[in-house]
Amino acid sequence: MTIKAVIFDLDGVIVSTDQYHFEAWSKISEEEGILFNETINHQLRGVSRMESLDIILQRATKTYSDEEKLQLAEKKNEYYRQSLHHLSPSDLLPGVEYTLKTLKQNNIKIAIGSSSKNTPTILKQIGLDKEFDAIADGNDITRSKPDPEVFLLAATRLDIVPEECLVVEDALAGVEAAIAGKMNVAAVGETLRSSDADYYLESVDELLELVL
Ligand code: BG6
Ligand code: MG
């Protein structure tokens with residue numbers, strides 16, 4: 001396989017923001033009296049903010065209007081963004097810095113393909129806002145993963161065909177999105193060990209063995 005570009009998911013691949021998302025949704029659920037736990041949280045990985053809220057509200061006893069839903073999503077984002085203030089380069093996941101540096105040295109393009117509208121803030125906080133050749137995020141798309149829109153946009157911005165891209169994902173929705181986009185996909189994270197991804201990585205730097 002010839003890989004000319006690696007498209008990284010952000011949350012859970014480059015940086016560990018998962019706990020912050022979990023804490024913010026936990027607060028909302030508690031305030032609203034809705035059951036929420038790690039298992040339900042797992043279904044929110046890679047899924048947009050509003051769709052995540054819909055998943056949480058499946059267990060609600062009352063019905064929420066569109067207006068109320070928007071307010072809840074907004075509140076969750078405020079809680080989440082408070083946590084993002086603490087984010088720093090030390091929150092980069094193991095092997096990320098070395099992997100990005102080595103890919104660049106070998107002229108492999110690097111991009112972000114994330115569902116998060118907070119991508120610009122997060123990249124700035126972790127000091128990677130100028131590192132990528134292209135960024136496609138939740139602000140650019142109308143269809144969330146498992147739709148391939150965000151990855152296809154990243155590939156277009158890189159000017160590399162999907163078949164020559166490798167996507168790195170920690171979410172099932174993201175693996176499905178990459179497959180739907182006809183891209184190669186490597187999964188990270190214990191829960192994706194038996195997913196449909198082409199490769200499984202214990203840590204991000206293992207992808208270097210695949211592409212170099
Ligand atoms: C994804 C996360 O990267 O971004 C999801 O895995 C999150 O958990 C989604 O819901 C949207 O994030 P944000 O920052 O736009 O609320
Ligand atoms: Mg992720």
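For ligands, and for the atoms within them, numbers begin at 1 and follow the listed sequence. Fair warning: this is a prediction, and the values are worked out from it, not measured in the lab. Heads up: numbering here begins at 1 and tracks the sequence.
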Under 4.0 Å from a heavy atom of Lys117: give me the atoms of ligand 1 that qualify, with their elements. 13 (P), 14 (O), 15 (O)
Other residues, nucleotides and ligands only: do more than 12 of their heavy atoms fall within 6.0 Å of CG on Asp196? no
Can you find an N/O atom of Ser116 closer than 3.5 Å to an N/O atom of ligand 1? yes
If you count the non-hydrogen atoms of other residues, nucleotides and ligands that lie under 6.0 Å from CD in Gln105, is the total more than 12? yes
Kindly assign one of parallel, tilted or perpendicular to the pair Phe8 and Phe132, based on the angle between their ring planes and the thresholds 30° and 60°. perpendicular
For atom 1 (C) of ligand 1, the closest protein heavy atom turns out to be Asp11 OD2, 3.4 Å
Any N/O/S atom of Asp11 sitting less than 2.8 Å from the Mg ion (ligand 2), backbone or side chain? yes
Given Thr119, Val47, Asp170, Leu44, identify the one with the heavy atom nearest to atom 10 (O) of ligand 1. Val47
Quick one: report the N, O or S atom of Asp170 that is nearest to the Mg ion (ligand 2). OD1
For Ser52 and ligand 1, answer yes if some heavy atom of the residue is under 4.0 Å from a ligand atom, otherwise no. yes
Report yes or no: is the cationic atom of Lys62 (NZ for Lys, CZ for Arg) under 6.0 Å from the centre of the six-membered ring of Tyr64, at an angle within 45° of the ring normal? yes
Got a sec: does the NZ of Lys76 have more than 12 other heavy atoms crowding it under 6.0 Å? yes
Which residues pass the side chain to side chain contact (heavy atoms under 4.5 Å, CB included) test with Ala136, sequence neighbours left out? Asp140, Val150, Leu153, Ala154, Arg157
So, regarding Asp9 and ligand 1 (criterion: nitrogen or oxygen to nitrogen or oxygen, under 3.5 Å), is there a contact or not? no
Could you check whether atom NZ of Lys182 has more than 12 heavy atoms from other residues, nucleotides or ligands sitting under 6.0 Å from it? no
If the cut-off is 4.0 Å to any non-hydrogen atom of Gly46, which atoms of ligand 1 fall inside it? 2 (C), 5 (C), 6 (O)
Against heavy atoms of Arg45, which atoms of ligand 1 measure under 4.0 Å? 6 (O)
Counting only nitrogen or oxygen atoms and a 3.5 angstrom limit, does Arg49 reach ligand 1? yes
Atom name, Asp9 (N, O or S, nearest to the Mg ion (ligand 2)): OD2
Just by modelled atom types, is the Ser48 backbone N or O under 3.5 Å from a matching donor or acceptor in the Ser115 side chain? no
Quick check: does Asp18 have an N/O/S atom under 2.8 Å of the Mg ion (ligand 2)? no
Backbone of Cys165 reached by a side-chain donor or acceptor of Asn184 within 3.5 Å: yes
